[in-house]
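Whatever order the structure lists them in is the order used to number ligands and atoms, beginning at 1.
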Amino acid sequence: MPRGGARGTSKGIPSATVSRLITYLRVLNGLEANGLERVSSDLLASEAQVSAFQVRKDLAYFGTFGTRGTGYTVSNLRDELKRILGLTRQWRVAIVGMGRLGQALADYPGLVEYDFELVAAFDVDERKVGRGFGTVLVRALDELPSAVSELDIEMVFLTVPVRAAQAAADAVTGAGVKGILNFAPTVVSVPPDVRVENVDFLAALKRLSYFLHEDGVVPEDPAA
Ligand code: NAD
């Protein structure tokens with residue numbers, strides 16, 4: 001089975017472009033909050049820390065949005081980016097693995113702000129089943145297939161230990177869910193019609209270590 005997350009988009013849009021669109025959307029939301037109505041590709045680029053050429057190239061995949069010389073209307077471009085990113089609708093999300101991370105995510109208010117509605121949570125630990133976290137009660141994992149169809153669950157946050165990740169991913173995809181946000185630091189295999197995005201905080205921490213080390217801004221080994 002292919003490894004989820006490794007392929008680009010089905011329309012041939014580079015995955016890095018999708019990541020930058022998310023950054024542009026964040027920048028546009030900030031500009032709009034500051035009362036700006038129009039933005040040039042130069043300003044959008046500098047706020048997003050990319051080149052203006054990159055902004056124009058990324059947007060050109062999806063059509064023509066701006067007017068040469070006058071730039072983009074902030075609210076129009078924001079709406080277009082939300083539409084392109086599938087963010088004009090609500091997504092119904094469940095958490096599989098209600099340990100420390102699952103519980104923290106269930107409590108996170110930002111999910112609702114961005115139209116990700118947490119509708120269910122699952123765990124194999126009988127002591128957790130029936131308990132409430134945030135807005136949801138924890139269900140037994142074997143209720144997943146019926147809950148997916150009853151509640152229209154479209155995405156799952158996979159927050160189980162590494163050793164349980166593949167089995168839990170199999171249960172999730174077997175129940176018909178097509179999108180997994182995998183927090184377990186391991187690769188899970190999924191059917192070709194399922195998307196996996198991996199969130200690896202330790203990998204980011206190691207990148208930070210690399211860059212601080214490379215910049216030489218910290219002593220070689222402060223403990224030595
Ligand atoms: P935890 O041990 O506190 O919780 C794991 C939960 O998963 C437990 O409640 C357990 O009963 C449940 N579980 C085990 N097997 C299951 C299965 N098959 N189906 C459903 N539930 C199952 O662990 P944690 O600290 O919450 O971490 C969870 C995962 O997230 C780990 O893989 C950890 O490495 C990872 N993690 C990722 C990040 C990140 O940034 N991506 C940060 C911290 C932890």
Is there a polar contact, in the sense of an N or O pair closer than 3.5 Å, between Ala164 and ligand 1? no
Identify, by atom number and element, the atoms of ligand 1 in contact range of Asp125, meaning under 4.0 Å from any of its heavy atoms. 11 (O)
May I ask you to list the atoms of ligand 1 that are less than 4.0 angstrom from any heavy atom of Ala184? 32 (O)
Give me the nearest non-hydrogen protein atom to atom 40 (O) of ligand 1 as residue plus atom name, then the distance to 0.1 Å. Phe201 CB, 2.6 Å
If you take all heavy atoms of Asp200 and Pro185, which pair is closest and at what distance? OD2-CB, 4.1 Å
Minimum-distance protein heavy atom relative to atom 10 (C) of ligand 1: Asp123 OD1, 3.4 Å
Shortest non-hydrogen contact from Ala175 to Val148? O-CG1, 3.3 Å
Considering only the protein, which heavy-atom contact is closest to atom 43 (C) of ligand 1, and what is its distance? Leu101 CD2, 4.1 Å
The atoms of ligand 1 lying under 4.0 Å from a heavy atom of Val96, numbered in the order shown, are 19 (N), 20 (C)
On a heavy-atom basis, the closest approach of Leu158 and Ala165 is CD2-O, 3.9 Å
Against heavy atoms of Val162, which atoms of ligand 1 measure under 4.0 Å? 32 (O)
What protein heavy atom lies closest to atom 31 (C) of ligand 1? Include the residue and the distance to one decimal. Val160 O, 3.4 Å
Of the side chain and backbone of Lys128, name the one, both, or neither that has a heavy atom under 4.0 Å from an atom of ligand 1. side chain
Would you sort out whether Arg92 and Glu154 count as a salt bridge (Lys or Arg N to Asp or Glu O under 4.0 Å), showing the intermediate values? CA-CA 5 Å; Arg92 297 169 68 78; Glu154 301 165 302; 5.7 Å; no
Kindly check if the number of other-residue, nucleotide or ligand heavy atoms within 6.0 Å of CD (Glu37) is above 12? no
When distances are taken from atom 33 (C) of ligand 1, the protein heavy atom at minimum range is Pro185 CD, 4.1 Å
To check your reading of the model: name the closest protein heavy atom to atom 2 (O) of ligand 1, its residue, and the distance in Å. Arg100 NH2, 3.7 Å
So which protein heavy atom does atom 13 (N) of ligand 1 come closest to, and at what separation? Val124 CG2, 3.7 Å
Could you list which atoms of ligand 1 come closer than 4.0 Å to a heavy atom of Val199? 39 (C), 41 (N)
Carefully, step by step, assess Gln54 and Asp58 under the rule side-chain hydrogen bond (donor to acceptor under 3.5 Å, both in side chains). CA-CA 6 Å; Gln54 186 71 69; Asp58 287 335; 3.2 Å; yes
Which atoms form the tightest heavy-atom contact between Val136 and Ala120, and what is the distance? CG1-N, 3.6 Å
of all protein heavy atoms, closest to atom 4 (O) of ligand 1 is Gly99 CA, 3.1 Å
Does Pro161 have a non-hydrogen atom less than 4.0 Å from ligand 1? yes
Is there a side-chain hydrogen bond (donor to acceptor under 3.5 Å, both in side chains) between Asn76 and Glu80? Walk through the geometry before answering. CA-CA 6 Å; Asn76 286 355; Glu80 286 295 335; over 6 Å; no
One pair to check against side-chain contact (heavy atoms from CB on, under 4.5 Å): Asp123 and Phe133. What are the steps and the verdict? CA-CA 12 Å; Asp123 206 289; Phe133 294 101; over 6 Å; no
Polar atom proximity, Leu141 to ligand 1 (N or O, under 3.5 Å): no
Side chains of Gln103 and Asp107: donor-acceptor distance under 3.5 Å anywhere? no
Arg127 CZ: over 12 foreign heavy atoms closer than 6.0 Å: no
